[in-house]
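Notes to accompany the following structure.
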Amino acid sequence: MVQDIDDILQEINRGVAEMIDAERVENLVKNYYEKGENFYVKAGFDPTAPDLHLGHTVVLNKMALLQKHGAIVQFLIGDFTAQIGDPTGKSATRKKLDQETVLKNAKTYEEQVFKILDPKKTVIMFNSKWSNELGAAGMIELTSTFSVARMLERDDFEKRIKAGNPISISEFMYPLLQGYDSVAMKCDIEMGGTDQKFNLLMGRTLQRTYNIGKEQAVIMMPLLEGLDGVNKMSKSLGNYIGVTENANDMFAKTLSISDELMWRWYELLSTKTLGEIEELMNDVNSGKYHPKKAKEDLAYEITARYHGEEAAKAAMAEFNSVHSQNQLPTDMKEFSLKAPIWIVEALSQCGLSESNSQARRDIKANAVSINQEKISDEQLKLGAGEYILQVGKRKFAKIKVE
């Protein structure tokens with residue numbers, strides 16, 4: 001039985017920050033169900049880092065939903081544009097990546113995206129294919145399609161000029177090349193984060209300029225708040241969950257988010273329908289269902305998606321064993337250190353604290369335990385012996401001091 005089109009469109013609109021040309025999206029879905037016509041959805045990823053985190057999957061989840069309703073996903077790896085660097089949100093020119101690094105990271109992306117996308121309805125594409133073919137004449141023609149004044153309307157360019165920070169000509173090329181990707185790929189919809197609006201609209205502009213017979217709709221997804229519930233998920237801020245993180249960490253980190261953030265993550269990361277989420281929220285608000293159990297359900301769903309049901313069950317059991325029954329984890333990393341070792345240095349050398357100064361802050365916050373006993377003396381030195389170090393609820397290490 002075909003799902004009601006209105007219900008499908010409601011799910012497509014779920015969590016969307018902004019949609020440009022919603023009528024086109026609606027017609028594409030209707031044409032699929034009425035005429036069997038597929039449509040093409042593009043999302044570009046510059047392989048500037050080897051791993052994806054849950055923030056990246058907000059767009060991927062929406063693309064996976066569209067695949068169920070007629071979309072062929074054109075997953076674009078920007079191996080050409082990555083060597084320029086996306087200036088979005090940057091206060092300085094980004095360093096160029098060498099081709100070897102780009103291709104290595106791209107390979108990792110390919111392996112990770114199929115944890116979410118249907119490989120039978122996905123085409124992996126590289127923009128070096130047509131960007132290299134443009135040549136000098138094609139590049140000059142491309143630059144003639146857009147004025148410098150229009151380019152400087154871009155918010156981050158405008159801010160950098162006012163601050164006296166330089167902008168390279170190559171950075172002007174980035175949005176043009178991203179827009180040209182839409183010309184070459186002849187996509188019907190382009191997806192991205194809200195911070196990509198200028199670049200996404202460039203695709204519409206250039207499709208019209210190059211007269212390819214269509215003008216893409218744009219779906220912009222919000223930037224997912226990280227574990228802190230305040231800042232967008234980012235590796236540099238340390239508030240992220242990587243899609244390749246081990247199951248135990250993924251489960252535990254998800255359980256660490258606030259109750260308020262939990263509903264935001266349900267909306268953007270869960271495969272539950274809007275109706276199911278609303279029902280769950282009502283049950284929590286009425287006291288029929290405990291918020292901790294709802295969060296545990298979310299942690300289980302996310303972990304199972306990337307590691308499988310068995311690993312998710314094991315992660316849940318491990319978490320309950322360690323945190324509910326106050327037992328030690330079964331897979332602690334082990335380190336050998338020389339005696340005597342200052343506790344602050346021991347914490348940083350084991351990776352439990354990012355630095356000596358962070359280790360001091362952890363001790364002052366009463367977050368550090370040795371052999372499950374809290375400590376407060378940041379001058380403590382450990383003599384020969386074996387110790388279990390713990391920071392917070394999730395970080396453990398076994399050390400042997402010799």
Side-chain angles (χ1 to χ4, degrees), residues 51 53-55 225-231 233-259 261-262 265 292 295-296 298-300 302-303 306-307 311-312 314-382 385-402:
D51 296 311
H53 56 60
L54 293 187
E225 294 86 350
L227 298 171
D228 55 11
V230 177
N231 299 295
M233 187 172 286
S234 166
K235 285 195 171 185
S236 61
L237 295 176
N239 64 348
Y240 71 99
I241 299 177
V243 301
T244 59
E245 283 194 41
N246 70 65
N248 289 349
D249 286 346
M250 185 175 285
F251 188 90
K253 283 185 177 182
T254 303
L255 276 181
S256 74
I257 65 175
S258 68
D259 290 354
L261 183 60
M262 169 178 67
W265 280 32
K292 182 181 178 183
K295 200 181 299 180
E296 190 176 78
L298 178 64
Y300 183 91
I302 290 173
T303 306
Y306 299 104
H307 295 283
M316 182 187 293
E318 176 78 359
F319 184 89
N320 290 334
S321 172
V322 172
H323 300 282
S324 301
Q325 302 171 29
N326 204 30
Q327 295 181 13
L328 295 172
T330 57
D331 60 347
M332 284 183 287
K333 291 184 178 180
E334 298 185 18
F335 299 86
S336 294
L337 305 174
K338 291 185 178 180
I341 180 77
W342 182 27
I343 182 59
V344 167
E345 290 184 342
L347 291 170
S348 60
Q349 287 183 30
C350 294
L352 298 180
S353 300
E354 294 178 0
S355 63
N356 284 1
S357 57
Q358 181 60 51
R360 288 193 186 95
R361 288 193 290 271
D362 290 336
I363 294 171
K364 287 180 180 178
N366 200 35
V368 177
S369 299
I370 299 177
N371 297 334
Q372 298 184 285
E373 295 289 335
K374 295 284 186 181
I375 66 163
S376 58
D377 182 9
E378 66 178 72
Q379 301 303 322
L380 178 67
K381 292 191 176 181
L382 302 177
E386 294 187 359
Y387 305 88
I388 303 295
L389 301 187
Q390 179 181 352
V391 175
K393 294 182 178 180
R394 299 193 308 271
K395 297 180 180 179
F396 294 85
K398 181 184 292 185
I399 66 169
K400 187 174 184 179
V401 182
E402 300 174 317

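With sequence neighbours left out, Glu296 forms a side chain to side chain donor-acceptor pair (under 3.5 Å) with no residue at all. Remark: Lys295 pairs with Asp259 by the side chain to side chain donor-acceptor pair (under 3.5 Å) rule, at least two apart or across chains. For Glu345, there are no salt bridge (Lys or Arg N to Asp or Glu O under 4.0 Å) partners at least two apart in sequence or on another chain. Shown here are the salt bridge (Lys or Arg N to Asp or Glu O under 4.0 Å) partners of Lys400, two or more places apart in sequence or in another chain: Glu402.
Closest heavy-atom contact between Val230 and Glu225: O-CG, 4.2 Å. For Ala247 against Ala315, the heavy-atom pair with the smallest separation is O-CB, 3.6 Å.
Residues Ile363 and Leu347 are in side-chain contact: their nearest non-hydrogen atoms beyond the backbone lie under 4.5 Å apart. Residues Leu389 and Val368 fail the side-chain proximity criterion, which asks for heavy atoms closer than 4.5 Å. Looking only at side-chain heavy atoms (C-beta outward), Leu54 and Tyr306 come within less than 4.5 Å of each other. Considering only heavy atoms from C-beta on, Ile343 comes within 4.5 Å of Ile370 through its side chain. Side-chain atoms of Tyr387 and Asn371, non-hydrogen and from C-beta on, do get closer than 4.5 Å to each other. The side-chain heavy atoms of Lys398 and Ile388, taken from C-beta on, include a pair separated by under 4.5 Å.
The environment of NZ in Lys333 is sparse: at most 12 heavy-atom neighbours from other residues, nucleotides or ligands sit within 6.0 Å.
Sorted by first and then second residue, the side chain to side chain donor-acceptor pair (under 3.5 Å) pairs with a member in residues 349-359 read Ser348-Asn356, Ser353-Asp362, Ser355-Ser357, Gln358-Arg361, Gln358-Asp362; sequence neighbours excluded. For residues 238-247, every residue pair satisfying the side chain to side chain donor-acceptor pair (under 3.5 Å) rule, not counting sequence neighbours, is listed here: Asp228-Asn239, Glu245-Lys253, Asn246-Asp249.
A donor-acceptor pair under 3.5 Å is absent between the side-chain atoms of Trp265 and the main chain of Gly226, judged by distance alone.
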